[in-house]
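Okay, so here's the structure we're looking at.
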Amino acid sequence: MANYECSEKFTSFLQELPKCEHHVHLEGTLEPALLFQLAKRNNITLPSHFPPTPEACNERYNNFADLQDFLDHYYIGMGVLIKEDDFYDLAMEYFKKASSDGCLHSEVFFDPQGHVERGISIDTVVKGFDRACKDATSKFGTTNKLIMCLLRHLPSAAGLETIKSASPYYEQGIIHGLGLDSSEKPFPPELFKECYDHVNENFPNVGLTAHAGEEGDSSYVANAFNHLNVTRIDHGINSQHDEELLNKLADGRHMLSVCPLSNVKLQVVKDVAELPIQLFFDKNVPFSINSDDPAYFGGYILDNYVAVHTRFGFSHEQWCTIAKNGIDGSWCDEDRKKQLREKVDEVYKKHA
Ligand code: ADE
Ligand code: ZN
């Protein structure tokens, strides 16, 4: 991988800068070591074409041809998650690492359909993740929200069933958002209109987002707004080719949750330098910087911040603007946002 290291001094500024993560799949935080540990604990035999050791996994992770090649591996990997404690352990490891990276608020995705289709109940999944969310807050002082994603390679009717099965968790405020992930092409957002309408009508306080413009063109982003009523977009980098869309994102303060190292590992770009991050900054398009599937893509949130700094060299002040845009685009309450903004100002005073 290219060298994405910056000076020790700037790295410690970026570490201390209060960060919010809006785009991380809990199943994508399954490190090879935990994957093999859980396979053993649950007596799971991985398929013969699966890399046989953690080292072989890491080698494989340097050679994803594209999003689909990664997803084929990711869905097999998550097959080692069986019991409530497995989901708990997975999420707890992520929250611990995120906290040590200076990530103070995380909004985390999970893919219930990837588990239910293997015979794991949605209750097992959500109970494990929810317990970890609550324990992370008491142990690390960080805040978090769970976002349920629908797999877009499955029919919309299956998505609607999943939403209905998750209704108690939406009602109890245990799940806070709805997202859409998996193979982007050829599954445009409008296919899932009935799912998003259902959540919008029945749980109006739930946040709506969707992956769009990762491999799909800018029409995927525009159509997520037009048909799904989302307020933000995951990835969204292909918005760069549509001037009118960029203006709409900026004027409406619609945040893009950008994932730099993911884009490199999935061959969307060859280097972080090719991402439209300077363009978004200059056009006032709010964006946050995220890890997506850190166990697979070679870095957690701080590694992604550092990688962006090596290529775009933002000033302390510009980094504070990026951090505050991430706070504004979060789904936590105003008190928490205020607290986080004040912490940004404190870190600025200390370092600039
Ligand atoms: N599921 C996990 N990671 C993903 C990504 N980068 N794009 C779409 N679906 C995903
Ligand atoms: Zn993603």
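Each ligand, and each atom within it, is numbered from 1 in the order the structure gives. The chain is numbered in sequence order, starting from 1.
Listed by first and then second residue, the side chain to side chain donor-acceptor pair (under 3.5 Å) pairs involving residues 293-307 are E31-Y300 (not counting sequence neighbours). A side chain to side chain donor-acceptor pair (under 3.5 Å) check over residues 272-286, counting only residues at least two apart or in different chains, returns the pairs E243-K283, Q278-D282.
Near F70, the atoms of ligand 1 lying under 4.0 angstrom from a non-hydrogen atom of the residue are 2 (C), 3 (N). Interface atoms of ligand 1 facing L71, defined by a heavy-atom separation under 4.0 Å, are 1 (N), 10 (C).
Here the heavy atom of the protein found nearest to atom 6 (N) of ligand 1 is D292 OD2, 2.7 Å.
Neither side chain, H105 nor N144, offers a donor N or O lying under 3.5 Å from an acceptor on the other. For the 3.5 Å distance criterion, the side chains of S183 and Q68 qualify, holding a donor opposite an acceptor. A side-chain donor from one of S291 and E21 sits under 3.5 Å from a side-chain acceptor of the other.
Within the set H25, K265, H23, the minimum heavy-atom distance to atom 10 (C) of ligand 1 is found for H25.
The side chain of E214, and not its backbone, has at least one atom closer than 4.0 Å to an atom of ligand 1 (non-hydrogen atoms only; side chain from C-beta on). Proximity of F109 to ligand 1, defined as any heavy-atom pair under 4.0 Å, is not found for any part of the residue. With a heavy-atom cut-off of 4.0 Å, H235 touches ligand 1 through its side chain alone.
The Zn ion (ligand 2) has H23 NE2, H25 NE2, H211 NE2, D292 OD1 as its protein N, O or S neighbours under 2.8 Å.
Within the model, atoms CD of Q113 and CG of D181 stand 9.0 Å from one another, a figure rounded to the nearest 0.5 Å.
Some N or O of D293 is nearer than 3.5 Å to an N or O of ligand 1, by distance alone.
Judged as a side chain to side chain contact (heavy atoms under 4.5 Å, CB included), and not counting sequence neighbours, the contacts of H351 are S12, F13, E16, H316, V347.
Residues K134 and D130 are paired through a salt bridge, judged by an N-O separation under 4.0 Å between the basic side chain and the carboxylate.
S182 counts as a contact of ligand 1, since one of its heavy atoms falls under 4.0 Å from the ligand.
S239 places no side-chain N or O within 3.5 Å of a backbone atom of S218 that could act as its donor or acceptor partner. Between the side chain of N42 and the main chain of V80, a donor-acceptor pair closer than 3.5 Å is present.
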